[in-house]
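Each chain gets a letter, A, B and so on, in the order the sequences are listed, and its residues count up from 1.
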Protein chains: 2
Amino acid sequence: MTLSNYSNEDKVLLAVDCIIFGFDKEELKILLIQRDFEPEKGKWSLIGGFLKKEENLDEAAIRVLHHLTGLNDIYMEQLYTFSKVDRDPADRALSVAYYALIDIKNHDSSLLKRESSKWFNLKDAPNLIFDHNRMVERSLARLQRKALSKPIGFELLPTKFTMRQLQKLYEAILEKKLDKRNFINKFNSLDILIKLDEKDMSSSKKGAYLFQFDEEKYNSKVEDGFSFKL
Amino acid sequence: MTLSNYSNEDKVLLAVDCIIFGFDKEELKILLIQRDFEPEKGKWSLIGGFLKKEENLDEAAIRVLHHLTGLNDIYMEQLYTFSKVDRDPADRALSVAYYALIDIKNHDSSLLKRESSKWFNLKDAPNLIFDHNRMVERSLARLQRKALSKPIGFELLPTKFTMRQLQKLYEAILEKKLDKRNFINKFNSLDILIKLDEKDMSSSKKGAYLFQFDEEKYNSKVEDGFSFKL
DNA sequence: TAAAAAAAGTGTGTTTTAAACACTTTAAAA
DNA sequence: TTTTAAAGTGTTTAAAACACACTTTTTTTA
């Protein structure tokens with residue numbers, strides 16, 4: 001057996017582009033960079049890079065994400081592979097889009113300046129190069145679906161959070177208002193949060209109890225057939 | 001601006017592999033071929049091909065599907081891109097998996113022999129080459145989810161079908177028994193089927209009414225905010 | 001020609017889940 | 001001491017999901 005079977009086939013460049021979501025001030029945000037190279041220099045874009053021969057796609061995405069945020073354990077999921085023939089005017093290149101969720105307070109923000117990157121409210125993000133707008137659209141749709149069926153929302157929050165923060169997060173993701181009591185009742189019935197003895201005093205005089213996601217409990221419940229449904 | 005920006009980046013082979021589902025005799029089936037070339041000659045595999053420079057991924061999948069089935073309008077959806085570094089022992093090649101749903105009675109079955117391909121019950125399909133088993137697993141999971149939230153099941157049935165066939169189809173997809181009355185009540189409440197004056201006599205003495213998916217009605221209901229939920 | 005067999009067809013009651021809804025508590029600031 | 005701003009807390013109603021069994025039709029067979 002030789003490698004010659006495939007020798008007549010075309011090879012292509014494969015980009016990995018990341019939609020990085022964050023959450024702050026009751027708003028869903030995405031992290032964008034201003035390109036400092038051609039084509040489309042100066043325009044806003046998702047962060048990305050090209051797949052190297054010796055790595056798989058997840059590794060490429062982790063590399064790209066780490067480079068921009070300094071973070072190592074980022075929630076991240078492959079979204080879709082975009083392949084329009086002329087999507088990149090410079091050369092035939094496909095792009096595998098990943099979306100990532102990070103706690104916006106937790107990354108090394110000094111890295112952002114070096115890359116001239118910036119957090120935007122999702123709602124008023126600028127136009128992006130190539131097909132990156134479509135990638136963002138699609139990632140939001142995925143996030144909306146997934147947030148209802150898996151406990152991934154916590155990735156966007158600090159370890160300790162108030163119920164109000166949690167509710168505002170889901171409102172931002174789902175782009176609709178939720179009823180406070182129904183939301184809390186629902187989450188309580190899931191029984192996967194730990195109520196701490198600590199209060200967050202930053203947003204009110206009275207103070208609000210802090211909660212934590214009980215990942216161990218969640219995992220063991222899942223093993224017993226439980227499934228997160230909001 | 002030149003093309004030289006990307007000139008140091010690695011290029012890779014990109015395969016497109018298709019999981020083709022069918023439905024017959026109350027069983028969910030997949031179409032496999034026996035490879036007639038190295039590597040892994042003689043082993044069972046998904047059908048696939050390599051992406052060409054001048055086509056996008058959907059076009060490549062359509063090409064591959066048409067070649068094997070003779071069909072042109074196949075329901076088809078991109079699933080996931082598999083990228084383990086050594087997934088193909090012959091060369092660094094990634095694979096974009098697509099899954100497709102076809103009416104098993106409707107393809108040109110003379111093409112199958114030429115490619116030494118064969119329908120298998122999903123349950124007792126043979127081991128496949130490379131990472132194709134994982135592709136099949138993932139496609140089934142996607143099909144199960146999607147069949148509950150989009151009316152794609154009809155793609156696996158002839159235009160006219162009985163309620164029993166429809167129920168057996170969903171039972172095969174979801175891998176669980178459903179209650180006949182609840183199933184019919186549910187579908188009736190969706191109000192997207194046309195009951196024909198015709199009966200199918202093939203499976204009983206009494207005969208069973210044939211139904212048709214009313215795609216126009218479905219589309220117009222969707223525009224009014226309806227969404228298919230089984 | 002009556003009985004058996006095999007699939008088609010059809011509704012209701014119960015339980016669970018979703019949704020609507022408003023007042024009280026707390027603590028700081030005025 | 002009154003005002004203010006957010007936190008916290010249950011109940012009622014409506015809708016959806018689920019469990020559940022007999023009758024009809026027609027062919028086959030005894």
Side-chain angles (χ1 to χ4, degrees), chain A residues 24-27 144-145 147-149 157-158 160-172 174-212 221 225-230, chain B residues 24-27 144-145 147-149 157-158 160-172 174-212 221 225-230:
Chain A
D24 192 33
K25 311 243 174 63
E26 308 194 353
E27 294 275 0
Q144 289 176 334
R145 179 170 61 71
L148 292 173
S149 62
L157 293 175
K160 301 172 180 183
F161 50 83
T162 66
M163 286 309 265
R164 182 188 169 81
Q165 280 178 289
L166 189 61
Q167 182 183 342
K168 290 296 170 189
L169 169 66
Y170 277 92
E171 289 182 348
L174 303 174
E175 298 178 311
K176 67 175 181 190
K177 290 262 170 266
L178 300 171
D179 179 86
K180 178 164 60 158
R181 283 165 294 180
N182 289 341
F183 181 81
I184 290 173
N185 288 343
K186 190 60 190 278
F187 246 105
N188 283 339
S189 77
L190 295 177
D191 187 29
I192 52 172
L193 295 184
I194 301 167
K195 184 175 188 171
L196 303 175
D197 273 338
E198 236 172 306
K199 283 193 164 190
D200 170 278
M201 304 306 292
S202 66
S203 70
S204 83
K205 301 149 191 172
K206 188 180 174 183
Y209 280 105
L210 287 165
F211 290 78
Q212 239 181 271
K221 289 185 72 155
F226 170 81
S227 93
F228 180 97
K229 279 275 165 268
L230 208 67
Chain B
D24 192 32
K25 311 243 175 62
E26 308 194 353
E27 293 274 1
Q144 290 176 334
R145 179 169 59 71
L148 292 173
S149 62
L157 293 174
K160 301 172 179 181
F161 50 82
T162 66
M163 287 309 265
R164 182 187 169 80
Q165 280 178 289
L166 189 61
Q167 183 183 342
K168 291 295 170 189
L169 169 66
Y170 277 93
E171 290 182 349
L174 303 174
E175 298 178 311
K176 67 175 181 190
K177 290 263 169 267
L178 300 172
D179 178 87
K180 180 165 59 158
R181 283 165 294 181
N182 290 339
F183 181 81
I184 290 173
N185 288 343
K186 189 60 191 278
F187 246 104
N188 283 339
S189 77
L190 294 178
D191 187 31
I192 53 173
L193 296 184
I194 301 168
K195 184 175 188 170
L196 303 174
D197 274 336
E198 236 172 308
K199 283 193 163 189
D200 171 279
M201 304 307 291
S202 66
S203 69
S204 84
K205 302 148 192 176
K206 188 178 174 183
Y209 280 105
L210 287 165
F211 290 77
Q212 238 180 271
K221 290 185 71 155
F226 169 81
S227 91
F228 180 96
K229 280 274 164 270
L230 208 65

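Every residue meeting the side-chain contact (heavy atoms from CB on, under 4.5 Å) condition with B:A208, not counting sequence neighbours, appears here in chain and number order: B:T162. Every salt bridge (Lys or Arg N to Asp or Glu O under 4.0 Å) that A:K160 has, sequence neighbours left out, goes to A:E198. Taking A:D24 as the reference, A:K105 meet the salt bridge (Lys or Arg N to Asp or Glu O under 4.0 Å) condition, with sequence neighbours excluded. B:K177 pairs by the salt bridge (Lys or Arg N to Asp or Glu O under 4.0 Å) definition with B:E171, not counting sequence neighbours. Shown here are the side-chain contact (heavy atoms from CB on, under 4.5 Å) partners of B:K176, two or more places apart in sequence or in another chain: B:L174, B:L178.
With B:F211 as the aromatic partner, B:K195 does not meet the cation-pi criteria of under 6.0 angstrom to the ring centre and within 45 degrees of the ring axis.
Here the C1' atom of nucleotide C:dA8 and the OH atom of B:Y209 are 10 Å apart, to the nearest Å. If you measure from atom CD of B:Q167 to atom P of C:dA7, you get 14 Å, rounded to the nearest angstrom. Between the P atom of D:dA6 and the CE atom of A:M163 lies a distance of 18 Å, rounded to the nearest Å. Distance B:F183 CZ to C:dG11 P: 18 Å, rounded to the nearest Å. The CG-P distance, from B:N188 to C:dG9, rounds to 11 Å in whole Å. Separating the NZ atom of B:K177 from the P atom of D:dA19 is a distance of 15 Å, rounded to the nearest angstrom. Remark: P of D:dG8 and CG of A:L193 are 13 Å apart, rounded to the nearest angstrom. One interatomic measurement links the two molecules: NZ of A:K229 to P of C:dT16, which rounds to 20 Å at whole-angstrom precision.
Within the nucleic acid shown, B:T162 has no heavy atom closer than 4.0 Å to any nucleic acid atom.
Pair assignment for C:dA30 gives D:dT1, based on Watson-Crick or G-U wobble hydrogen-bonding distances that are each under 3.5 Å.
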Q.
Can you build the contact string for nucleotides 20-28 of chain D? Use B for base contact, S for sugar-phosphate-only contact, and - for no protein heavy atom under 4.0 Å.
A. BB--BBBS-
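Rounding to the nearest 0.5 angstrom, the gap separating the CG atom in B:L230 from the CZ atom in B:F183 is 6.0 Å.
Considering only side-chain N and O atoms, A:R164 lies nowhere under 4.0 angstrom from the phosphate OP1 or OP2 of D:dA6.
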